[in-house]
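First comes the structure, then the notes that go with it.
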Amino acid sequence: MDKNRMISYGDAIYEACVEEMKKDRSVIVYGLGVDDPKGHYGTTKNLHKEFGSDRCFDIPLSEDAMTGMGIGAALAGLRPIYVHQRMDFLMLCMNQIVNMASKMNYLSSSNSSVPLVIRAAIGRSWGQGAQHSQAFHSFFMHIPGIKIVAPTTPHDAKGILVSSIRDNNPVIFMEHRMLYENQGYVPTHNYTEELGKGRVIREGTDITLVGVSYTVVDCLRAAELLSTIGISAEVIDPVSLYPLDYNLIRKSSEKTKKLIVVDNGWLTCSFASEVISDIAINLENVKCRKIGYADSPCPTTKNLEENFYPDPIKIAIEANKICNIKRDWK
Amino acid sequence: MDKNRMISYGDAIYEACVEEMKKDRSVIVYGLGVDDPKGHYGTTKNLHKEFGSDRCFDIPLSEDAMTGMGIGAALAGLRPIYVHQRMDFLMLCMNQIVNMASKMNYLSSSNSSVPLVIRAAIGRSWGQGAQHSQAFHSFFMHIPGIKIVAPTTPHDAKGILVSSIRDNNPVIFMEHRMLYENQGYVPTHNYTEELGKGRVIREGTDITLVGVSYTVVDCLRAAELLSTIGISAEVIDPVSLYPLDYNLIRKSSEKTKKLIVVDNGWLTCSFASEVISDIAINLENVKCRKIGYADSPCPTTKNLEENFYPDPIKIAIEANKICNIKRDWK
Amino acid sequence: MEKFDIKQAYYLYYLIRKSEEKIIELYPTDKIKSPVHLSNGQEAIAVGVNMALEKEDIVFSNYRGHAHYIARGGSLEKFWSELYGKSSGTAYGKAGSMHLGDHDVNFMTTSAIVASSIPQAVGYAYAQKYLDNQGIVVCFHGDGAVDEGVYWESLNFAALHSLPILFVCENNKYAIYTHQERRMAKTNITEKAETFGVSAFDLGYASTEKIYKKTLRILESIKEKNQPYLIECETTRFMDHVGVQSDKWLDYRSDKNLDDAIKDDEIFKLEGLLDKDIVNDIQKRALDNINSAMSYAEMSDYPSEDKLIGDVYG
Amino acid sequence: MEKFDIKQAYYLYYLIRKSEEKIIELYPTDKIKSPVHLSNGQEAIAVGVNMALEKEDIVFSNYRGHAHYIARGGSLEKFWSELYGKSSGTAYGKAGSMHLGDHDVNFMTTSAIVASSIPQAVGYAYAQKYLDNQGIVVCFHGDGAVDEGVYWESLNFAALHSLPILFVCENNKYAIYTHQERRMAKTNITEKAETFGVSAFDLGYASTEKIYKKTLRILESIKEKNQPYLIECETTRFMDHVGVQSDKWLDYRSDKNLDDAIKDDEIFKLEGLLDKDIVNDIQKRALDNINSAMSYAEMSDYPSEDKLIGDVYG
Ligand SMILES: Cc1ncc(C[n+]2csc(CCOP(=O)(O)OP(=O)(O)O)c2C)c(N)n1
Ligand SMILES: Cc1ncc(C[n+]2csc(CCOP(=O)(O)OP(=O)(O)O)c2C)c(N)n1
Ligand SMILES: [Mg+2]
Ligand SMILES: [Mg+2]
């Protein structure tokens with residue numbers, strides 16, 4: 001076991017996929033362009049050559065039917081993985097996800113489970129604009145019968161994808177375009193991560209920062225900035241959003257008494273609202289803040305786009321404010 | 001002006017519609033069955049006869065295209081009202097609502113506004129089951145560029161529908177099947193209610209109860225129950241969910257120091273989460289609780305269905321608990 | 001070509017008809033815990049198609065699914081218990097009439113969102129082909145479902161992948177109270193399907209026997225040619241779209257058509273093909289089965305409270 | 001029938017081609033603030049159709065909309081400013097290349113979600129008819145959009161209500177890197193459209209002139225007969241789906257087809273119909289216009305920060 005084996009987030013996803021496809025013939029992969037020369041940031045590259053075009057196939061632009069198709073195949077015992085180039089496209093799949101996939105197990109008294117994984121990438125990056133940059137994890141958290149995960153590190157990407165594939169429920173696997181190239185330690189062997197377990201990825205004592213997907217990276221950078229003025233921030237990566245590791249966040253917030261949730265999306269009725277409401281209900285005297293997308297569609301032009309997103313500096317400034325320590329960056 | 005003029009919630013909606021259609025030829029109404037003999041609980045009854053079949057028309061079962069169609073007609077200067085028999089069907093319209101309607105004004109730098117009203121009824125009532133009873137207000141609150149209202153009383157139903165029709169933005173108008181028959185005072189004249197203004201509909205001092213649509217009725221009944229054991233509950237009907245009258249809820253919570261949000265839907269990433277997180281961020285020492293649907297699809301059979309929904313007794317018990325007054329109902 | 005078993009057809013037809021008549025009778029007592037969408041008048045399609053199926057075939061239906069479930073040989077005990085909202089139902093009463101589903105007879109959980117099971121049926125067929133399983137997928141749907149874009153997406157995919165699936169369009173001309181001609185610029189469903197690559201036959205108002213025989217032939221073609229088919233059957237819904245009343249009072253469809261259809265009732269034609277004694281026997285057997293299933297349901301328990309949040313995840 | 005103005009056609013063609021070549025040139029500098037989907041190779045459709053339109057007609061396009069906007073007579077200043085992300089653009093740079101829109105030329109804000117403007121175009125046509133307005137709606141879309149169910153829902157509604165709309169399918173055979181035959185069981189788009197009640201013509205690989213003339217005739221038919229039409233034009237995308245590179249290295253489509261198409265470039269055919277002097281004049285005029293628009297854009301300001309949350313509500 002090579003403790004120093006660094007691979008990218010994209011390759012970690014690819015690896016999880018290949019391992020599961022080798023172990024289990026019921027795992028199939030489909031989506032727009034999955035078998036094209038680029039293979040969705042390399043995550044599906046040449047799977048059709050390795051496993052055959054009935055196990056990895058391109059599809060028509062028919063998101064609604066293709067979601068239902070995956071559910072039907074799952075009902076028949078397959079474990080399909082449906083790959084989306086952008087999370088925005090899931091809006092075309094909402095009927096099948098919300099009205100169908102989430103309810104099949106319940107309405108069949110557990111006779112018809114839906115082991116379907118829906119991979120979807122948040123498209124953020126330069127100039128993607130209003131329709132290619134959205135994140136909808138808060139929607140899926142709202143619906144019983146669906147699980148949703150959002151790994152940040154290559155290590156978690158692999159482990160939680162393996163778990164998602166093996167899970168008997170519809171799992172939304174949220175990726176982020178700005179994470180695909182990130183490198184990290186990933187074991188060569190096949191392993192799982194438990195859905196519902198979060199991680200403290202940096203320990204601290206003064207304030208708790210909770211991110212989602214890419215904003216975990218922002219939080220880590222903010223923690224660096226804060227450390228330079230003597231504020232010790234604890235950073236939590238929830239990894240799994242539903243089920244969510246409420247206890248982990250409560251424990252940290254109980255300790256630091258200050259919490260900023262940095263969401264990777266809009267703030268109203270969001271993951272951030274959810275976490276803060278949980279703290280408000282269960283703990284006393286924790287100062288809470290939320291940071292997220294600006295309350296607008298995402299603009300294309302760079303100078304506005306920069307203001308649209310949370311970033312380490314915004315997070316650090318807010319953290320400094322609620323820590324109320326009268327120090328300042330030079 | 002007859003101060004005692006009582007009409008039903010359904011008739012109030014009908015009245016708003018007729019008044020606006022008379023004033024403004026750009027108002028049109030369409031949806032499945034709007035011109036059928038039942039006329040959507042009477043709310044669209046015979047509009048096609050009164051105004052012509054180009055102003056009130058039935059449609060194919062094509063929710064996705066029919067939403068886009070309404071947006072397009074709105075872009076051309078009409079003020080369409082799209083009526084849905086169940087809010088569940090909005091899951092077929094999410095792409096057009098979330099990716100398109102909400103962004104047109106922004107992407108056109110205010111040249112293309114979308115004055116579209118989407119009426120949708122929460123289908124709850126006996127045995128409607130998992131796919132005919134859902135409420136998705138929390139989804140729409142999440143998206144900038146959309147407004148959403150949920151009137152409870154006939155009076156507000158009329159006034160806020162008039163305002164929604166005149167509003168230059170996409171407005172989701174959330175109705176509730178169990179409200180259509182409710183009677184209330186409604187002026188005969190044409191009036192508006194401001195989107196973004198809530199109401200204290202019962203004053204109290206010990207605890208604040210905030211409902212949504214039908215759960216406002218539950219809250220009022222709970223307040224009655226509580227009054228019998230000496231707890232004075234203030235009940236708030238937000239009427240408009242986005243924009244939301246945060247100040248009204250803050251003021252009341254500041255006074256009572258206790259808040260229960262009784263949502264008309266699931267609780268994770270919900271309206272309830274949003275309100276409580278707002279209180280947690282802006283006030284100190286307010287005890288907060290949320291009550292809503294059980295964390296499951298809605299079951300059909302009566303005894304489970306009863307447990308699925310919030311009700312006055314559940315609310316009163318929870319309120320009594322956090323008021324911490326050691327009295328009990330006999 | 002297998003012979004058409006008239007006795008079996010009449011038994012199923014009568015069983016369905018009487019079951020729904022019992023529902024109509026019982027409904028005012030509020031013992032049935034969900035909205036019901038009756039199949040009265042449309043049973044020939046359910047009976048004809050299902051009689052042609054093998055045990056391993058898979059049936060997708062919709063909220064108007066009583067006839068399909070019963071014709072498929074589903075358990076009357078579970079059926080009635082589900083309608084009563086009892087724990088001995090197909091899903092502890094949590095599903096109800098609109099969401100019948102039973103793995104014992106490969107009858108998939110139905111949906112109350114129009115057309116939403118259709119892509120699932122296609123996906124199931126994909127899996128059947130991929131897994132080299134025998135069973136063919138049969139997907140019942142109404143003429144209203146054809147309005148939905150997902151219908152055409154589904155047909156295209158089925159044709160593109162040459163999937164073993166038979167679509168059965170039960171064209172009762174209406175989606176609730178809206179006639180097909182008020183919804184479709186062209187009502188030529190089979191022609192559209194052909195342009196999407198699905199071989200399609202319009203059987204018109206067909207007898208149970210004709211539907212049975214055509215289905216048998218098509219199932220063979222599906223096996224041979226590995227391609228999807230569609231049959232469209234015209235039919236008439238006798239009752240209101242939902243609930244247990246006639247909808248004549250709404251005056252939205254010509255009485256004559258409805259009256260003619262009721263006069264032309266297939267059940268009497270099947271009955272006319274059998275000896276009186278045999279008819280009596282079949283009727284008695286059907287009624288006995290219904291009655292005992294209803295008693296069973298009556299006596300069963302409501303689900304325990306923990307069932308509310310059970311089964312949310314698999 | 002109006003005569004085909006070759007000079008105007010060549011001017012527009014050259015203007016589009018050179019504008020996009022400037023984009024290709026400029027792109028590495030990162031001054032253009034959004035992904036670009038170039039129209040190179042497909043311009044004949046934009047030019048031919050737009051030359052046939054009246055001022056009051058309304059154009060719906062998509063993320064691959066440069067050619068449509070320019071051919072429609074859109075402002076080059078606004079176009080370039082929008083690409084530069086400047087406040088003098090069509091939407092302060094908030095929209096960018098994928099969401100061009102300009103009321104001055106009845107060019108509706110485009111969408112980057114495939115097929116999602118199509119029902120909007122239909123709704124706009126509904127309003128035009130309802131309001132008794134003159135303008136006809138023209139809706140450009142790709143062959144990929146035809147895969148989406150909403151496309152068929154939209155065509156059905158347009159036909160059902162006899163709406164004044166012309167659908168223009170730019171069939172470049174590909175959705176990104178996926179050939180039409182890998183997505184559609186049958187690639188007969190016009191036949192499908194006919195079964196949905198929309199009269200449809202497949203023009204094949206047509207010249208600008210042919211497209212122009214056919215469009216003119218159809219616009220007249222729309223006015224006379226009050227019904228929707230579809231034309232399908234085959235075409236070839238010269239560059240990668242998105243970005244400013246050739247995509248030959250990806251080796252997913254036959255080089256020969258692409259090379260032949262590039263050799264067969266319509267721009268040279270148009271050029272060949274004109275005197276050298278005239279060609280020179282036109283080219284100079286086009287380049288001058290582009291250059292001055294680019295300088296204008298260069299010199300314009302970025303939007304002020306308050307623009308971020310402006311325009312969210314109308
Ligand atoms: C997506 C969706 N839209 C609308 C409805 C409301 N609705 C329920 S049944 C129905 C009619 C469907 O007609 P058809 O498919 O012909 O089936 P039938 O009821 O005639 O058997 C409608 C419109 C629904 N359940 N789902
Ligand atoms: C609903 C949706 N699905 C997928 C995509 C990703 N995507 C962007 S462009 C495109 C290809 C569209 O092909 P076509 O309609 O033929 O237009 P072309 O790009 O060839 O002009 C795809 C799949 C998208 N933007 N929207
Ligand atoms: Mg029907
Ligand atoms: Mg194309």
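Every chain is numbered from 1, with letters handed out A, B, ... down the list of sequences.
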With chain D as the partner, which of [options] has the greatest number of non-hydrogen pairs under 4.5 Å?
| options | value |
| --- | --- |
| A76(B), P60(B), S108(B) | A76(B) |
| N99(B), N95(B), I59(B), L75(B) | L75(B) |
| I146(B), D167(B), N105(B) | N105(B) |

Identify which part of [X] has an atom lying under 4.5 Å from any heavy atom of chain B, answering side chain, backbone, both or neither.
| X | result |
| --- | --- |
| D102(D) | neither |
| K307(D) | backbone |
| I118(D) | neither |
| H99(D) | both |
| T90(D) | backbone |
| L155(D) | neither |
| Y126(D) | side chain |

Chain D contact via [X] - which portion, at a heavy-atom distance below 4.5 Å:
| X | result |
| --- | --- |
| P144(B) | both |
| K147(B) | both |
| N111(B) | both |
| D64(B) | both |
| D54(B) | both |
| I143(B) | backbone |
| L78(B) | side chain |

task: Check whether any side-chain N or O of K38(B) sits under 3.5 Å from a backbone N or O of D35(B) as a donor-acceptor pair, and report yes or no.
output: no
query: With respect to L107(B), which candidate in T109(D), D311(D), L100(D) satisfies the side chain to side chain contact (heavy atoms under 4.5 Å, CB included) definition?
result: T109(D)
Kindly state whether the ring of [X] and the ring of [Y] have centres lying under 6.0 angstrom apart.
| X | Y | value |
| --- | --- | --- |
| F196(D) | W152(D) | yes |
| F79(D) | H66(D) | yes |
| H132(B) | F89(B) | yes |
| Y82(B) | Y30(B) | yes |

task: Using the ring of Y130(D) (Phe, Tyr or Trp, six-membered ring only), decide whether R25(B) places NZ or CZ under 6.0 Å from its centre and within 45 degrees of its axis.
output: yes
field: Atom CD of E56(D): over 12 foreign heavy atoms under 6.0 Å
entry: yes
- request: Answer yes or no: are there more than 12 heavy-atom neighbours, outside E305(D) itself, under 6.0 Å from its atom CD?
  value: no
query: Taking the six-membered ring for Trp, are F57(B) and F157(D) parallel (under 30°), tilted (30 to 60°) or perpendicular (over 60°)?
result: tilted
query: Going by heavy atoms in the side chains, are I81(B) and F173(B) under 4.5 Å from each other?
result: no
